[in-house]
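Below is one structure, written out as structure tokens, with a few remarks after it.
Given the structure is predicted, the values throughout are model-derived calculations rather than measurements. Whatever order the structure lists them in is the order used to number ligands and atoms, beginning at 1.
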Amino acid sequence: MRGAVFLGDRKIEIRSFPDPTPGPGEVVIQIKASGMCGSDLKFYRPPPGEAQKALGLGNNTEPFIGGHEPCGVIVARGPGVSEREAPVGQRVMNHHYAGCGVCGHCRVGWSQLCRAGIVVYGVTGDGGHAEYLKAPARTMVPLPEELSFSEGAAVSCGTGTAFGALRRMRTQGGQTLAVFGQGPVGLSATLLGAKMGARVIAVEANAGRLALAKQFGADALVDASKQDLVKALKDLTRGEGVDLTLECSGAPAARQAAVRAVKTWGTACFVGEGGEVTLEVSPDLLRRQVTLIGSWTFSATGMGECARFVADTGIDLERIFTHRWKLDQAAEAYKVFDAQSSGKGVFEF
Ligand SMILES: [Zn+2]
Ligand SMILES: [Zn+2]
């Protein structure tokens with residue numbers, strides 16, 4: 001099979017590999033769609049292994065097949081995997097983490113929290129930017145019939161991460177929700193938050209992405225390149241501040257504003273990876289009873305719930321893709337994505 005290998009320092013190469021054979025407990029899926037997620041850039045840009053180390057994901061410096069939003073069809077089962085567990089031909093998304101499989105976190109579907117060490121497909125193990133992917137059967141989540149493979153790929157990280165964070169914040173109809181950063185995760189949060197009934201305020205510095213946010217259901221827009229974010233958000237909420245903020249950009253100034261723009265008793269949530277933030281604990285948090293949440297993706301069950309929500313509420317998630325690529329175009333695809341002015345890209349097979 002062919003796979004797009006991340007070599008580090010913004011280099012990608014298409015290489016040939018033997019077709020994977022499933023071992024005990026494993027399945028092989030034929031990839032139909034493999035999404036591009038903002039965090040891929042964290043592994044695409046720096047020298048090999050640097051980002052993995054900084055993000056606490058091990059010390060692997062070997063080149064690897066990228067892509068942690070794999071979606072496809074089960075084509076082979078290894079020893080010990082039953083027909084009921086993984087029927088050949090089943091359409092599936094991959095919850096892209098493998099833990100020990102037996103600890104408390106793994107058993108409830110939160111295998112990324114496993115303390116025994118994890119494989120992250122597309123980051124520390126071979127991912128979805130290839131014709132086939134081999135992973136434990138327990139990491140596969142059925143894809144609802146209503147969703148396309150590309151939509152399933154989006155749910156497999158970007159859209160699922162937005163959904164997981166909105167659920168953790170207990171987003172409700174009638175609340176105000178400010179979403180910082182309108183890349184693939186932020187745009188999904190705008191779309192899902194609006195569907196959940198929240199009044200969404202999109203915060204973003206790129207004009208094209210702001211315009212997309214409007215189309216995806218944002219009630220108001222804040223141009224982060226021109227406006228004082230905290231003031232703008234207070235002006236839009238009668239001086240009170242917003243109920244919920246979701247910070248997807250990872251920029252320190254945006255993180256600070258996301259905490260400061262919530263109202264008293266409000267909740268701020270960080271999903272943007274890496275880096276730091278400086279807060280003044282008393283005025284920013286304590287004196288206003290602020291809840292600050294860190295949210296890392298979602299469980300395998302949560303991923304299924306996200307797909308179900310998208311299907312049941314009739315969201316057209318195909319609209320989130322501005323670029324569709326073939327695997328051979330991987331180098332060009334990441335060059336375009338690296339400019340961070342477009343929407344989401346996907347490899348379709
Ligand atoms: Zn475990
Ligand atoms: Zn991701």
Side-chain angles (χ1 to χ4, degrees), residues 4 6 25 31 33-45 51-52 54-58 64-71 93-129 133 135-139 141 150-166 181-189 192 246-250 269-275 294-303 306-307 317 320-321 333-334 337-338 340 343-347:
F6 280 37
I31 299 291
S34 182
M36 297 167 71
C37 176
S39 57
D40 287 325
L41 296 173
K42 293 202 153 57
F43 313 110
Y44 167 73
R45 288 169 176 162
Q52 284 84 342
L55 295 172
L57 297 173
F64 59 95
I65 297 174
H68 61 272
E69 296 187 341
C71 189
M93 305 173 285
N94 174 241
H95 185 247
H96 59 271
Y97 311 97
C100 72
V102 295
C103 76
H105 299 301
C106 286
R107 279 171 170 254
V108 294
W110 279 101
S111 50
Q112 65 268 51
L113 306 180
C114 179
R115 286 287 156 253
I118 58 171
V119 177
V120 185
Y121 298 105
V123 177
T124 63
D126 287 337
H129 293 349
L133 171 83
R138 63 174 184 273
T139 67
V141 179
S150 293
E151 290 177 310
V155 169
S156 298
C157 186
T159 301
T161 293
F163 184 83
L166 292 173
Q182 295 294 313
V185 176
L187 207 51
S188 295
L192 296 167
L246 179 56
E247 208 301 297
C248 308
S249 76
C269 179
F270 292 169
V271 298
E273 287 263 20
S295 187
W296 186 25
T297 59
F298 41 81
S299 69
T301 321
M303 188 170 158
C306 175
L317 204 51
I320 206 164
F321 296 106
Y334 273 93
F337 195 36
D338 197 17
Q340 285 285 283
K344 191 175 175 74
V346 62
F347 295 99

| task | May I ask you to check whether His105 brings an N, O or S atom to under 2.8 Å from the Zn ion (ligand 1)? | result | no

| field | Degrees at the Zn ion (ligand 2) between the SG atom of Cys37 and the NE2 atom of His68, nearest 10° | value | 110°

| field | Aromatic centroids of Phe43 and Phe6 separated by under 6.0 Å | value | no

| note | Distance col, row Tyr97:OH vs Thr297:OG1, nearest 0.5 angstrom, shows 3.0 Å

| request: Establish, from distance only, whether the side-chain atoms of Tyr121 and Asp126 form a donor-acceptor pair under 3.5 Å. | output: no

| request: Report the angle formed at the Zn ion (ligand 1) by atom SG of Cys100 and atom SG of Cys114, rounding to the nearest 10°. | output: 100°

| query | Which value, rounded to the nearest 0.5 Å, describes the distance between Glu69 atom CD and Thr161 atom OG1? | reply | 8.0 Å

